[in-house]
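Written out below as structure tokens is the structure these notes cover.
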Amino acid sequence: MAEKELAATAMRWFDENARDLPWREPDVGAWAILVSEVMLQQTPVVRVLPAWRAWLARWPVPAALAADPPAEAIRMWGRLGYPRRALRLRECAVAIVERHGGQVPTQLDELLALPGVGTYTARAVAAFAYGQRHPVVDTNVRRLVARAVAGEPDAGPATRPADLVATAELLPVEPARAARASAAFMELGALVCVARAPRCVDCPLASMCAWRASGRTAPVGPTRRPQRYAGTDRQVRGMLLAVLRETTGPVHRDRLDLVWDDDAQRARALAGLVDDGLVEPVGEAYVLAGDRHLADRRIPGPRPAAGPEAGVDPV
DNA sequence: TAATCGTGGGC
DNA sequence: TGCCCAAGATT
């Protein structure tokens with residue numbers, strides 16, 4: 001009972017307060033929605049907006065992206081973070097061309113089988129692009145349901161099957177309305193029922209919120225967060241990739257040496273980038289994956305190559 | 001299950 | 001300033 005009421009109230013609020021996001025326009029196709037969902041994985045909306053427009057202007061259909069080398073996708077990804085997503089999105093485009101005739105598949109299991117598409121993204125596409133009735137559970141929805149329904153101050157660290165079940169029970173029966181309810185829950189979680197300082201004063205669900213009814217109990221223990229960034233391999237990877245991204249053609253390793261002092265850590269980070277398929281070694285230099293054809297460009301380095309360069313020959 | 005994987009803005 | 005956090009996926 002209260003469940004239906006929750007969705008109905010959230011949707012009424014959504015009618016008046018939804019942000020004007022371009023991927024919510026009615027004529028937006030499944031590919032554009034899929035691209036937005038991947039970009040929005042752990043990346044704020046404001047940073048995604050321009051990247052999404054540029055990406056779709058260049059690759060309006062999956063086949064277009066599939067036809068370009070990974071390096072182009074990595075560059076276009078810019079500074080959105082987690083560049084493996086760019087790689088996977090391109091692999092995703094390849095899979096869509098090979099397995100689905102260039103059309104984003106409609107079935108949940110087919111979507112889940114795509115590279116870089118997990119529990120959340122598959123359901124988001126099925127619901128928002130195709131109007132199917134699936135629970136769409138992201139961090140916002142989990143937090144909102146944990147508070148409003150379970151009366152807890154926060155959700156657990158990862159999405160579990162039980163989260164999908166709990167959210168599914170809140171959704172209206174009619175598929176299109178269910179999808180809209182999911183969007184409304186997400187928006188409420190993103191704008192009102194936020195993590196740090198929830199704005200219960202502005203929340204339409206306040207009167208039916210279990211957490212608020214309990215007096216907004218505090219979290220039990222300090223939720224551990226091993227998130228540090230400074231000095232990690234992640235930071236070094238980011239700095240190395242930034243240099244490669246902004247350079248056309250091979251970057252000599254002596255140049256990459258300038259990026260980070262710790263030899264062992266720098267080597268580890270670089271090896272990781274190669275291992276992930278983001279970067280390729282070319283002789284004594286490195287390029288973004290798929291840019292080996294630029295190896296005949298002059299490689300900036302202190303020592304001009306004498307004789308035929310080892311390892312530069314195309315395979 | 002928990003760790004890993006970028007980046008930048010807000011407080 | 002340093003920490004928290006943002007529409008997760010993968011191993």
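All values derive from a computational prediction rather than experimental measurement.
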For [N] and [X] - does any side-chain N or O of the residue sit under 4.0 Å from the phosphate oxygens OP1/OP2?
X        : N     : value
A:Arg237 : B:dG6 : yes
A:Tyr82  : C:dA9 : no
A:Arg79  : B:dG8 : yes

Rounding to an integer number of angstrom, what distance separates [N] and [M] when you compare their [atom1] atoms?
N     : M     : atom1 : answer
B:dG8 : C:dT1 : C1'   : 16 Å
C:dA7 : B:dT4 : P     : 23 Å
C:dA9 : B:dT1 : C1'   : 15 Å

Worksheet entry | Aromatic centroids of A:Trp55 and A:Trp77 separated by under 6.0 Å |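 Yes, ring centres under 6.0 Å apart.
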
Using whole Å, report how far [atom1] of [X] lies from [atom2] of [N].
X        : N     : atom1 : atom2 : value
A:Glu187 : C:dA7 : CD    : P     : 10 Å
A:Arg143 : C:dA7 : CZ    : P     : 7 Å
A:Met186 : C:dA6 : CE    : C1'   : 12 Å
A:Arg85  : C:dG8 : CZ    : P     : 9 Å
A:Leu80  : B:dG8 : CG    : P     : 10 Å
A:Gln42  : B:dG8 : CD    : C1'   : 14 Å
A:Leu49  : B:dT7 : CG    : P     : 19 Å
A:Met39  : B:dG6 : CE    : C1'   : 15 Å

Worksheet item: Where the side chain of A:Tyr229 is defined as all heavy atoms beyond and including C-beta, which of C:dT10, B:dC5, B:dG6 is the nearest nucleotide?
Response: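 So the side chain of A:Tyr229 is nearest to B:dG6.
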
Worksheet item: Is it true that the side chains of A:Tyr120 and A:Gln41 contain a donor and an acceptor less than 3.5 Å apart?
Response: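 Looking only at side-chain atoms, A:Gln41 and A:Tyr120 do not form any donor-acceptor pair under 3.5 Å.
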
Worksheet item: Does a side chain donor of either A:Asp233 or A:Gln265 reach within less than 3.5 Å of an acceptor in the other side chain?
Response: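 Yes, A:Gln265 and A:Asp233 have a side-chain donor paired with an acceptor closer than 3.5 Å.
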
Worksheet item: Is there a donor and acceptor pair, one atom on the side chain of A:Arg47 and one on the base of B:dT7, closer than 3.5 Å?
Response: yes

Item to complete: First locate atom CG of A:Leu34, then atom CH2 of A:Trp23, and finally report the distance between them rounded to the nearest 0.5 Å.
Response: 13.5 Å

Fill in: A:Arg160 or A:Thr43, whichever maps to the more 5' nucleotide of DNA chain B
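Nearer the 5' end of the strand: A:Arg160.
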
Discussion item. Can you work out whether A:Pro115 or A:Asp138 has the more 5'-proximal nearest nucleotide on DNA chain C?
Written reply: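 Result of the comparison: A:Asp138.
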
Item to complete: Would you mind classifying the nucleic acid contact of A:Ala158 as base, sugar-phosphate or nothing, using non-hydrogen atoms under 4.0 angstrom?
Response: nothing

Fill in: Verify same cluster id: A:Val38, A:Val61 (apolar side-chain graph, 4.5 Å)
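Different clusters.
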
